Amino acid sequence: LLAGVQRLPEETQEVLRDASGGGTRIEHALLAAVTGLGDAALTRVLRPAVAANVLVVDGDAYAFRHALIREAVHDDLLPGEYTRLHRRYAEALENDAGLVPAGRLWVELSHHWKAANDSTWALVAAWRAAADARKALAYAECLTMLSRVLELWDQVPDAEERIGADHVTVLENAASAADEAGEFDRGIKLVTAALRELEETAGDAGGPGTAGPDPARVAVMLELRGRMRYQMARPGFVEDLRAAVAMLPADPPTPERARALATLGNYVRLSTDIDEARKAAAESLAVARALGDPVSEADALITGFCADVDYLDEDHLAEVEKTAEGTGNQRILLRFHVIKSHFLEGAGRHEEAALHLRLARE
């Protein structure tokens, strides 16, 4: 792989070594900033690499003909060259964020600072990249970035002050991202670690009479783990959901209790206790209406409909539909359309069922 590179002029090999730090594809402007060469000089130096088919021109960027060529060139760097190169990339990006596509700045900065052995800035950039990924609904990338924050945490003494969040919060966010990304096994481990750390932190905080961890925070994590355990067909999912409800007092009513009850009702009906599902849905509905919370109300109505689907008629479904549509909440609407499609399919109304599945996809 390196033989074709080694036949090129030395100045071309040097720029290829610089280019190898930017990935398989690198923008011309970024490579110019990293190498310190002007546009004309960079074009002249790279022309032999393009002629030899080591690089190919890709719009305003260059790409290695094969990823293995880039890896071979990059792996051939000496340790000092490797860290200095990635530091140059990081500094170039900090000087001009426009050198990378929109939304990629913090991901690239985290990568380059980590490769440059600067754990502090790699952690900070990964935290910011995770926030951007979450906004873009890129949950797999969000999980990757939060995993990097956790990996680097012990290497940065003031990590909590740097990002404005404690270690448990990072675990919670990572678990939520894992759930959204369908990485349920990792999510269960992250939740379990967060719960353990919450207990340990509360235990270290004081002596007898010291309050335990925040019940609402624990309940949210238990609910999340219960849902993921169900997705993985693991035992304990109902127990987690019951424990989540038990953590939340009935008075005063809270959105957290309404949601936990609706979730319990939704999943416990999949076991053998339909009566418990109905009771949980009814209490969730009462709490939601006491709060005037339309999203929680719709959640509770849908859960109640699922628990009583064999006994309810289309008039009841119309009430559920009206409430769900009134929320404007995408998660609620998705859930409603899926449930209604099941109801219609069971009634033999296949075309209408298909229509609601199409609405769910949209």
Side-chain angles (χ1 to χ4, degrees), residues 1-101 104-129 141 144-145 147-149 151-156 162:
L1 288 169
L2 286 173
V5 175
Q6 291 167 348
R7 287 192 290 269
L8 296 170
E10 179 56 38
E11 62 178 356
T12 302
Q13 292 185 49
E14 184 176 342
V15 173
L16 286 175
R17 286 193 285 271
D18 289 344
S20 72
T24 304
R25 183 182 185 279
I26 181 170
E27 299 289 333
H28 177 92
L30 176 56
L31 186 55
V34 170
T35 60
L37 296 173
D39 287 345
L42 180 60
T43 301
R44 177 184 59 78
V45 170
L46 287 180
R47 192 172 296 280
V50 174
N53 203 26
V54 172
L55 285 184
V56 295
V57 176
D58 182 9
D60 293 330
Y62 304 100
F64 281 85
R65 180 178 58 81
H66 199 291
L68 290 176
I69 297 176
R70 187 205 72 82
E71 290 176 19
V73 173
H74 198 53
D75 291 346
D76 200 43
L77 294 169
L78 297 175
E81 289 179 315
Y82 182 93
T83 54
R84 286 194 299 272
L85 173 60
H86 284 284
R87 180 170 292 276
R88 295 209 318 266
Y89 268 96
E91 290 171 348
L93 292 175
E94 290 197 340
N95 290 331
D96 185 356
L99 293 173
V100 289
R104 297 298 301 169
L105 174 64
W106 295 113
V107 174
E108 296 296 330
L109 277 172
S110 179
H111 165 69
H112 290 300
W113 281 127
K114 185 174 186 292
N117 295 325
D118 192 320
S119 297
T120 298
W121 290 113
L123 180 144
V124 171
W127 177 253
R128 295 183 179 181
E141 182 165 80
T144 298
M145 291 295 101
S147 297
R148 180 172 293 169
V149 173
E151 174 192 347
L152 296 171
W153 190 270
D154 290 337
Q155 300 175 36
V156 182
R162 291 277 184 177

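Small disclaimer: the values here were computed from a predicted structure and weren't measured.
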Any idea how H74 and Y82 line up, ring-wise: parallel (<30°), tilted (30 to 60°), or perpendicular (>60°)? tilted
Using only atom types and a distance under 3.5 Å, with no angle test, would you say the side chain of Y89 pairs donor to acceptor with the backbone of W113? no
Whether R88 side chain and V34 backbone form a donor-acceptor pair below 3.5 Å: yes
Quick test of your reading of the model: are E11 and R47 salt-bridged, counting only N-O distances below 4.0 Å? no
Do D39 and H28 make a side-chain contact, defined as non-hydrogen atoms from C-beta onward lying under 4.5 Å apart? yes
Judged by atom type as modelled, is there a donor-acceptor pair below 3.5 Å linking the side chain of S110 to the main-chain atoms of A122? yes
State the CD1-CG distance between I69 and L55, to the nearest 0.5 angstrom. 8.5 Å
Note: A32 and L42 closest approach over all heavy atoms is N-CD2, 3.7 Å
E27 side chain vs V100 backbone, donor-acceptor pair below 3.5 Å: no
For E151, does the CD atom sit with more than 12 other heavy atoms under 6.0 Å from it, leaving out its own atoms? yes
The reported gap from CG in D118 to NE2 in H112 (rounded to nearest 0.5 angstrom) is 13.5 Å
Within a strict 4.5 Å, meaning less than it, do heavy atoms of the Y62 and T24 side chains meet? no
Tell me if a side-chain donor or acceptor on R162 pairs with a main-chain N or O of V124 at a distance below 3.5 Å. no
Looking only at heavy atoms, what is the nearest atom pair of L99 and A33, with distance? CD1-CB, 3.9 Å
For L105 versus A97, what's the shortest heavy-atom pair and its separation? CD2-CB, 3.6 Å
To the nearest 0.5 Å, atom CZ of R84 lies from atom CD of E91 at 12.5 Å
Set out, in order, the CA-CA distance, both residues' side-chain angles and the distance that settles salt bridge (charged side-chain N to carboxylate O under 4.0 Å, His left out) for R148 and E141, then state yes or no. CA-CA 11 Å; R148 180 172 293 169; E141 182 165 80; over 6 Å; no
Mind checking the CZ-CH2 spacing from R128 to W106? Nearest 0.5 Å is all I need. 4.0 Å
Are W121 and K114 close enough that some pair of their side-chain heavy atoms sits under 4.5 Å apart? no
Would you mind reporting whether D76 and V5 have side-chain heavy atoms less than 4.5 Å apart? no
Roughly how far, to the nearest 0.5 Å, is the CG atom of L16 from the CG atom of L46? 6.5 Å
Check whether more than 12 heavy atoms from other residues, nucleotides or ligands sit under 6.0 Å from atom CG of D60, and answer yes or no. no
Looking at every heavy atom in both V149 and A126, which two are closest together, and how far apart are they? CG2-CB, 3.8 Å
So, taking the atom named CG in D58 and the one named CD1 in I26, what distance separates them when rounded to the nearest 0.5 Å? 12.5 Å
Looking only at non-hydrogen atoms, find the nearest pair between A90 and L109 and report the distance. O-CD2, 3.4 Å
Do L37 and L31 have side-chain heavy atoms sitting under 4.5 Å apart? no
Strictly distance-based, threshold 3.5 Å: is any side-chain N or O of R70 a donor or acceptor partner for the main-chain N or O of S20? yes
Within a strict 4.5 Å, meaning less than it, do heavy atoms of the L85 and R17 side chains meet? no
